[in-house]
Amino acid sequence: MQVGRLNHVGVAVPDIEAAKQTYADLYGATEATETRDFPHLGVRVAFVKLANSEIELLEPLGADSPVHKFLERNPKGGQHHLCFEVPDIIAARDDMRAKGATVLGTGDPYVGAHGVPVIFIHPKESCGLLIELMQEPAR
Ligand code: CO
């Protein structure tokens, strides 16, 4: 398995609207999606559009949020994950397991904020970075 395009960089932030403003003010990245709540995932999400990729802004929804602990360690926010596209999410999961990587959770792909199935690979086998693998969206 070879991963495809870098789809987005996930960035945890304490305040999504303030973060959108920062990307607009500092970097001229003024195009962003509406912020949407995903209560079942414990996050609010918005995407800042770039020429060749996107920044996924993640704000925790409540203390049970997977992003909550991250922000306790990084109160101003920080890089949370990278997301690569793969042509077949099930084949990618099986391949990652065969190579000894840890697939988080049950390993069953679930539909993330992009509306396509995703899985996450533990940072411990991945140079310290949480990696999201995403079923390649239709273009
Ligand atoms: Co993501």
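Ligands are counted one by one from 1 in listed order, and the atoms in each one are counted from 1 as well.
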- Applying the side-chain hydrogen bond (donor to acceptor under 3.5 Å, both in side chains) test to N7, which of E136, E54, E132, E85 qualifies? E85

- Closest to the Co ion (ligand 1), among the N/O/S atoms of E56, is atom OE1

- Tell me, please, if H80 has any N/O/S atom, main chain or side chain, under 2.8 Å from the Co ion (ligand 1)? no

- Task: Heavy atoms only: give me the nearest K20-T33 pair and the separation to one decimal.
- Result: NZ-O, 2.9 Å

- E72/K69 salt bridge by N-O under 4.0 Å criterion: no

- Salt-bridge contact R44-E59 (side-chain N to carboxylate O under 4.0 Å): yes

- Please determine, by modelled atom types, if H114 and E56 share a side-chain donor-acceptor pair under 3.5 angstrom. no

- Message: If I consider every N, O or S atom in H81, which one ends up closest to the Co ion (ligand 1)? I only need its name.
- Response: NE2

- Looking at E132, the N, O or S atom sitting nearest the Co ion (ligand 1) is OE1

- Task: Using 2.8 Å as a strict upper limit, say whether an N, O or S atom of H8 approaches the Co ion (ligand 1) that closely.
- Result: yes

